[in-house]
Amino acid sequence: MNEDRLLQVLLAPVISEKSTMVADKNEQVVFRVASDATKPEIKAAVELLFKVQVESVQVTNVKPKQKRFGRSIGYRKAWKKAYVALKPGQEIDLQAAA
């Protein structure tokens, strides 16, 4: 895989109450990823950037929310997030990276 492409796959970590609960319980890290990213690309990108070993990747498409602007109705953009499970003993510290 092209290293330039791998650097564009991961957009941002998702820091929320749910993602921190998942990180503590299942040793998973949640990332916002490019909408055309595949599981092998996400795995390779995390291993390249954070120097950890990835066990599995689960991907979810987040549907757009409907928002109103006066009388007109608009939608937020749809996006994709990835739950990355790390092998035992591996850890990504997102607070130090930020």
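Not one N or O on the side chain of Ser56 forms a donor-acceptor pair closer than 3.5 Å with the backbone of Ala85.
Residue pairs meeting the ring-ring contact (aromatic ring centres under 6.0 Å, His included) criterion with at least one partner in residues 15-46, sequence neighbours excluded, are Phe31-Phe50. Counting only residues at least two apart or in different chains, salt bridge (charged side-chain N to carboxylate O under 4.0 Å, His left out) contacts with residues 18-34 are absent. The salt bridge (charged side-chain N to carboxylate O under 4.0 Å, His left out) pairs that include a residue from residues 2-13 are Arg5-Asp36, Arg5-Glu41, where partners are two or more places apart or lie in different chains.
Not counting sequence neighbours, the partners of Ser72 by the side chain to side chain contact (heavy atoms under 4.5 Å, CB included) test are Phe69. Here Gln90 pairs with Val52, Gln53, Leu86, Lys87 under the side chain to side chain contact (heavy atoms under 4.5 Å, CB included) rule; sequence neighbours left out. The side chain to side chain contact (heavy atoms under 4.5 Å, CB included) search around Pro40 returns Met1, Thr38, not counting sequence neighbours.
Expressed to the nearest 0.5 Å, how far CE of Met21 lies from OG of Ser16 amounts to 9.0 Å. Distance check: Ser19 OG to Gln28 CD gives 11.0 Å after rounding to the nearest 0.5 Å. Considering CG of Leu49 and CG of Leu6, their distance stands at 8.0 Å, rounded to 0.5 Å. Rounded to the nearest 0.5 Å, atoms CD (Gln58) and CG (Asn26) are 8.5 Å apart. The line from OH of Tyr75 to CD of Gln66 is 4.0 Å long, rounded to the nearest 0.5 Å.
When hydrophobic clusters are built by joining Ile, Leu, Val, Met, Phe, Trp and Tyr residues whose side-chain heavy atoms come closer than 4.5 Å, directly or via intermediates, Leu7 is grouped together with Val33. Hydrophobic clustering (side-chain heavy atoms under 4.5 Å, transitive across Ile, Leu, Val, Met, Phe, Trp, Tyr) groups Val9 together with Val57. By the rule that hydrophobic residues join a cluster once side-chain heavy atoms approach within less than 4.5 Å of another member, Val14 and Ile92 end up as members of separate clusters. Ile15 and Trp79 fall into different hydrophobic clusters, defined by Ile, Leu, Val, Met, Phe, Trp and Tyr side-chain heavy atoms under 4.5 Å apart, directly or through other members. In this structure, Ile42 is not a member of the same hydrophobic cluster as Val22, with clusters built from ILVMFWY side-chain heavy atoms closer than 4.5 Å.
Summarising the geometry of Ser35 relative to Lys80, their closest heavy-atom pair is O-NZ, 3.4 Å, with the distance given to 0.1 Å. Closest approach of Gln8 to Ala34, counting heavy atoms only: O-CB, 4.1 Å. A pairwise comparison of heavy atoms in Glu47 and Val54 identifies OE2-N, 3.2 Å as the closest pair.
Residues Lys39 and Val59 have side chains in contact (heavy-atom distance under 4.5 Å, counting atoms from C-beta outward).
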